[in-house]
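Written out below as structure tokens is the structure these notes cover.
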2 protein chains.
Amino acid sequence: MFNLILSLNMEQNRYNQITITDIAKALKINPSTVSRALSDSSVVKSSTKKKIKEYAVKHNYQPNYAARSLQKKKTHTICILLPKIVVHEFFGKILLGVQREAQKHGYRCLILPTNYDLHKEINEIKNLLNGGTDGIIMSYQSDGTSDDYVNELIERKIPLVFVDIAPPNLKVSKVIIDDIHAGYMATKHLLEAGASQIACISGPRNVINLQRVQGYQKAINESKSNLNTDLIIFNEKIIEGEQLGMVCSEKLLKKYPQLDGVFATTDMLATGLIKVAKKQNLRVPEELKVIGFSNWAISMLYEPSISTVDQPGFEMGMKAAQLLFSKISATSKVSEETVIIKTKVIRRESSKVN
Amino acid sequence: MFNLILSLNMEQNRYNQITITDIAKALKINPSTVSRALSDSSVVKSSTKKKIKEYAVKHNYQPNYAARSLQKKKTHTICILLPKIVVHEFFGKILLGVQREAQKHGYRCLILPTNYDLHKEINEIKNLLNGGTDGIIMSYQSDGTSDDYVNELIERKIPLVFVDIAPPNLKVSKVIIDDIHAGYMATKHLLEAGASQIACISGPRNVINLQRVQGYQKAINESKSNLNTDLIIFNEKIIEGEQLGMVCSEKLLKKYPQLDGVFATTDMLATGLIKVAKKQNLRVPEELKVIGFSNWAISMLYEPSISTVDQPGFEMGMKAAQLLFSKISATSKVSEETVIIKTKVIRRESSKVN
DNA sequence: TTGAAAGCGGTACCAG
DNA sequence: CTGGTACCGCTTTCAA
């Protein structure tokens, strides 16, 4: 009975939450004072502040996000747009890094998986433009033909940071790795492990792959061995990485039995390659040394374990979020910054010296 | 110059977004009419509706989330609490399913990774209670000692659906699999493949593992072979699944050389097990048949490929979201529902008949 | 069919 | 140091 009366007087919210006005009424003070007290304003007398805070805690007061957002024109939400999140280990790690950093800043993190569908992506972004988010972290997945949506974000001055892949011709903030250098180091690792006839297998000719291959070429050129450009294989087909690796390796290994090393631009390709090698009774690493790229779980678990280039997604995500928050909290425009995260070669069985 | 004047009159928002009031002023009609028109109310004359909509599209009007939330007391956001998201393939798939369904309903999806830290989890939930979210999907990770926070959610009537694991003694909606049955089917598969001395390796004694083991016991009991309870191994240590599998399998395989089958309650355990078997020159599947659980990527990629129980995360996530939305949109209380998603044994090399 | 006005929960400005 | 009040953008009565 008493409860009924109570519930008629206050806690009328959807989820029975108490509001600032409730507190004010109960304590017979003005809502504005309550607001000030709860945000620890120095102007409020400490005794009233104490009284208010105690009441708030006791009644489990929680500020209403929507109301605060509306007033402050801040959502306390950042948004991350990634393709294939989750299913893709690397993106997953990025996400974790962003999340960690967001938590520090008291921000929430909205996640939009795009599945590589650019049009959906653009639509999502439009939905975010008004009060949807305070900033965006995204990986650039366009083919370069329609960057209008990126331009729109820039024009509207929405804090924006690219991670992993950035649009090549726009002045934006980004957190990336040096794919050329990483490809170079990977190939060099094979050379140092004793390989001299080294091929390179890759997915489609996108920015990332082209750069990794470029690094490969550089390393080969620096070595004594002459580069046979036939030894570079791009695959434009969209099938699972492992399958793709098997298909293209089959031909490659048959055609060039003298090969003693392969740089695969992803771990999945490397996995497929080794499977084929085993079938053809080629021993890895004794007869063929292999290195992959990204340090996915599979590269460690596979037998033989696969050497790879560690691409520190978590760190990249954290750094991207840090950049984003510096933009969000900046009073004046911040200059565009490019952060290059260091990668390192991880030595495993697949490239052991004989 | 003209732009300056324009920007003083309208588009004063943080991101230069136009508002309903702006449209009303420009068209010299009342904001309420604009609101009605934009939500397709049937009372508005079609000619004015058309005029308003055209203007809105032309000026790229987007409704303000915060304002709408505040007014409607709906956030159009659901929240998903999962441990280890991303890094954990299964949770990743759940997430994807939820997301897909949320998109259909025009909802956004807030993701909170909890890292198995219950206290953080509880704190996060508290933050969500007021206007933070319209509903919660979560996996129950508590040890059962402190379910207060679940009770609080229930008392506050916040739409709530558990996925994968649910609190055993509370009346809640949940989307789960029948772990007993799945364990039973997995073990039966080994029996049918010709194994008769079958062990079972498992992680810690949590609800999930206990049920899978229970299914194993049932299958063994039904078969002629007598169950040796020594052949059930629980591992309470918190180390990587694969390592754990290696450590416990080492002893197991040495102690019981007569073993010809193992049911591992996770794919990672199975991977570790097979690694050890190979080292001890035990041929899989010829001498030892193995089945794992969850159908992670590794189980397909490993050599030999590992038979497993498919746990359809995507479907579970979708179903959970559907349940949640039925609760959110319900006018009166909906009864608690338990949905059991079907699992199936996936036959691969590791359990091939000799 | 449209307009006027109130209010969702907070914040911030101006007075006192 | 505190109270009063307007307002953030949108929806929803109530009147007209």
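Everything numeric in this text was worked out from a predicted model, so none of it was measured. A, B, ... follow the sequence lines: proteins, then strands. Residue 1 opens every chain. Basis for what follows: all heavy atoms, side chains included, without hydrogens, waters or symmetry-related copies.
- Protein atom CG of A/D22 is 10 Å distant from nucleotide atom P of C/dC8, rounded to whole Å.
- Candidate nucleotides C/dT2, C/dA4, D/dC10 were compared by shortest atom distance to the side chain of B/S32, and C/dA4 ranks first.
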Quiz prompt | Verdict with reasoning, B/F325 to B/Y107, per ring-ring contact (aromatic ring centres under 6.0 Å, His included) | solution = CA-CA 10 Å; B/F325 284 120; B/Y107 263 66; 4.9 Å; yes

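- Here the side chain of B/K49 pairs a donor or acceptor atom with the backbone of B/S41 at under 3.5 angstrom.
- Both B/A67 and A/T33 lie near DNA chain C, and the one whose nearest nucleotide falls closer to the 5' end is B/A67.
- Across all strands shown, B/V44 has heavy atoms under 4.0 Å from sugar-phosphate atoms exclusively, and none from any base.
- Under a 4.0 Å N-O distance rule, the pair B/K171/B/E337 does not qualify as a salt bridge.
- Atoms CD1 (B/I20) and P (D/dC8) sit 14 Å apart, rounded to a whole Å.
- B/H59 is not listed as a side-chain neighbour of B/I23, based on a closest heavy-atom distance of 4.5 Å or more.
- Listed pair B/K73 / C/dG9 meets the phosphate criterion, a side-chain N or O lying under 4.0 Å from OP1 or OP2.
- Closest contact between the side chain of B/L70 and the listed nucleotides C/dC8, C/dG10, D/dT2 involves C/dC8.
- Judged by closest nucleotide on DNA chain C, B/I29 is the one of A/N30 and B/I29 placed further toward the 5' end.
- Closest to the side chain of B/T19, out of D/dC10, C/dG3, C/dG10, is D/dC10.
- Taking the charged nitrogens against the carboxylate oxygens, B/K174 and B/D164 have no contact shorter than 4.0 Å, which rules out a salt bridge.
- Note: CG (A/L38) to C1' (C/dA12) measures 15 Å, nearest angstrom.
- Residue A/T48 has a polar side-chain atom (N or O) positioned under 4.0 Å from OP1 or OP2 of D/dT2.
- Residue B/R68 places at least one side-chain N or O under 4.0 Å from the OP1 or OP2 atom of D/dT11.
- The shortest distance between side-chain heavy atoms of A/L170 and A/V172 falls below 4.5 Å.
- Atom NZ in B/K51 sits about 9 Å away from atom P in C/dT2, given to the nearest Å.
- Contact of A/R36 with C/dG10 (side chain to base): no donor-acceptor pair of N or O atoms is detected under 3.5 Å.
- Each of C/dT2, D/dG4, C/dG10 was ranked by its minimum atom distance to the side chain of B/V43; first place goes to C/dT2.
- What separates NZ of A/K25 from P of C/dG9 is a distance of 10 Å, to the nearest Å.
- Using a 4.0 Å cut-off, some side-chain N or O of B/Y61 falls inside it from OP1 or OP2 of D/dC10.
- Rounded to whole angstrom, the span from the NZ atom of A/K49 across to the P atom of D/dC1 amounts to 9 Å.
- Using a 4.0 Å cut-off, some side-chain N or O of A/S35 falls inside it from OP1 or OP2 of C/dT11.
- As rounded to whole Å, 6 Å separates atom C1' of D/dC8 from atom CD of A/Q71.
- Summarising the geometry, the separation between CD1 on A/I52 and C1' on C/dG10 is reported as 14 Å, rounded to the nearest angstrom.
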